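As the structure lists them, so they are numbered: ligands from 1, and atoms in each ligand from 1. Computed from a prediction, not measured in an experiment: that's the story for all the values here.
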Amino acid sequence: MPNETPIFSAKNVVRTFGSGKKLVTAVDDVSFDIADGEIVSIVGGSGCGKSVLAKIMLGLYEPSKGSFQYEGHKITNQKDHWDEVQFIFQDPFSCFNQFFTIRSQLEAAFKIKKEKLTPQQISDRVDAGLMAVNVAPKDIEGKYPFELSGGQMQRMLLARIFALRPKVLIADEPTSMVDACVRANILDYLMKLKEELQMTIIFVTHDIGLAYYVSDRLFIMHEGKIVDQGKPDDVILKPTSPVTVQLLEDIPEIHKEWIKR
Ligand SMILES: Nc1ncnc2c1ncn2[C@@H]1O[C@H](COP(=O)(O)OP(=O)(O)OP(=O)(O)O)[C@@H](O)[C@H]1O
Ligand SMILES: [Mg+2]
C-alpha cells in the first residue's frame with residue numbers, strides 16, 4: 001500500500017513577524033498537501049515568503065496561525081525532525097566549519113541519525129555520497145572547506161544528502177552561487193536523489209525555468225500567498241496569475257530552451 005498520509009500538510013498557515021506598525025506577514029494563509037516522493041518547487045520574487053515557508057517545513061518556525069503537519073503530526077522536536085528532513089541553503093560555506101576537514105564534518109553529520117551505524121558503515125556511506133556526486137574520496141582527503149570553490153562546496157552539501165539519505169530534502173536556492181554548468185549538475189543530482197532514493201524534494205528558487213525542469217508541481221508565491229499552483233506544463237502554458245506571467249518574462253535566456261513550448 002502506498003503511504004497516503006501527506007509528507008507535509010498546511011492548512012491556512014500564516015506566519016508573521018513583529019507587531020503593530022512593524023508587523024510583517026511573511027506567509028499569508030497558505031494551504032497545501034505534498035505527497036511522498038514529489039518534487040515541489042516554490043517559486044517567486046525576493047521577499048515573497050519562500051524561505052519562511054521552507055523554515056516552517058524544517059520546524060525552525062512555527063505558524064502564527066493555522067496548522068502545519070509532517071506525516072500527520074505537528075513538528076514538536078526539531079532533532080527528531082532533522083533525522084528525516086534535511087536541507088541545503090544558499091551559502092554552502094555557512095553549512096561547514098572552516099576549522100575541521102570536510103570529511104570529518106560529513107561523518108559528524110551522522111550524529112543526528114537515530115539509525116546507529118558503526119564508524120566503518122559511516123565511512124562507507126560518506127564514500128558513497130561523494131561518489132554519487134562524482135568526487136573521488138581521495139580528492140577531499142585532509143581538505144578543509146576554504147580549499148574548495150563555491151561550486152565544489154555545493155557538491156559537498158549534496159554529497160552529505162546522498163550519504164545521510166533523509167526522507168525529505170529542502171533545497172533553498174542551492175544554485176544561486178554557481179555558474180550555469182554547475183547549476184545544471186545540481187539539478188541533475190536533485191533528480192538522481194528523487195529517482196534513486198525516492199526522496200521528497202522541496203526546491204526553492206526565483207527561477208521558474210529551473211523549477212519547470214525539475215518539478216512535479218509548482219507553487220507560485222507572491223506577498224506570502226500561493227497565487228498559482230499545479231503541474232509545470234499547466235502553470236507555464238496556462239498561467240492563471242499575472243505573477244506567473246511576470247516570472248516567465250524574467251526567465252534567463254539560457255533556461256528558456258528547457259521549456260518545451
Ligand atoms: N526573522 C524574521 N524577522 C522579521 N522579518 C522576517 C524574518 N524572516 C523573514 N522576514 C520577512 O518576511 C518576508 C519574507 O521573507 P523570506 O525570507 O521568506 O523571502 P524570500 O521569498 O525567501 O526572498 P529571497 O528570494 O530574497 O530569499 C520578508 O519581508 C522578510 O523581510
Ligand atoms: Mg529566501
For Gly45, counting its heavy atoms only, list the atoms of ligand 1 lying under 4.0 Å from any of them.
21 (O)

Within the 3.5 Å criterion, strictly below it, is a donor on Ser104 or Glu107 matched to an acceptor on the partner's side chain?
no

For Asp29, is there an ion pair with Arg15 - N to carboxylate O distance below 4.0 angstrom?
no

For atom 1 (N) of ligand 1, what's the nearest protein heavy atom and its distance?
Tyr61 OH, 3.3 Å

Distance-minimising heavy-atom pair for Leu247 and Ile208
O-CG2, 3.7 Å

Looking only at protein heavy atoms, identify the closest one to atom 6 (C) of ligand 1 and say how far it is in Å.
Phe17 CD1, 3.5 Å

Take atom NZ of Lys116 as the centre, draw a 6.0 Å sphere, and report whether it contains more than 12 heavy atoms from other residues, nucleotides or ligands.
yes

Below 4.0 angstrom, counting only protein heavy atoms, does anything approach atom 30 (C) of ligand 1?
no

For atom 12 (O) of ligand 1, closest protein heavy-atom neighbour:
Ala26 CB, 3.3 Å

In the protein, which heavy atom is nearest to atom 14 (C) of ligand 1, and how far is it?
Gly47 O, 3.4 Å

Between the Mg ion (ligand 2) and Ser51, is there an N, O or S atom separated by less than 2.8 Å?
yes

For atom 25 (O) of ligand 1, what is the nearest protein heavy atom, given as residue, atom name and distance?
Lys50 NZ, 2.7 Å

Over 60° means perpendicular and under 30° means parallel, so classify the ring planes of Phe8 and His81, tilted if in between.
perpendicular

I'd like to know whether CD of Gln78 has more than 12 heavy-atom contacts from other residues, nucleotides or ligands below 6.0 angstrom.
yes

Ligand-side contact atoms (ligand 1) for residue partner His206, heavy atom cut-off under 4.0 Å
25 (O)

Give the numbers and elements of all ligand 1 atoms closer than 4.0 Å to a heavy atom of Cys48.
19 (O), 21 (O)

Does ligand 1 have an atom under 4.0 Å from some heavy atom of Gly224?
no

Parallel, tilted or perpendicular: rings of Phe32 and Phe68 (30°, 60°)
perpendicular

Heavy atom of the protein closest to atom 26 (O) of ligand 1 (residue, atom name, distance)
Ser46 OG, 2.5 Å

Within 6.0 angstrom of Phe146 CZ, more than 12 heavy atoms from elsewhere:
yes

Relative to the heavy atoms of Val52, which atoms of ligand 1 are at a distance of less than 4.0 Å?
8 (N), 9 (C), 15 (O), 16 (P), 18 (O)

For atom 11 (C) of ligand 1, find the nearest protein heavy atom and state the residue, atom name and distance (0.1 Å precision).
Val24 CG1, 3.9 Å

Do other residues, nucleotides or ligands put more than 12 heavy atoms under 6.0 Å from Phe17 CZ?
yes

In terms of residue, atom name and distance, what is the protein heavy atom nearest to atom 27 (O) of ligand 1?
Ser51 OG, 4.0 Å

Between Phe87 and Leu169, is any pair of side-chain heavy atoms under 4.5 Å apart?
no

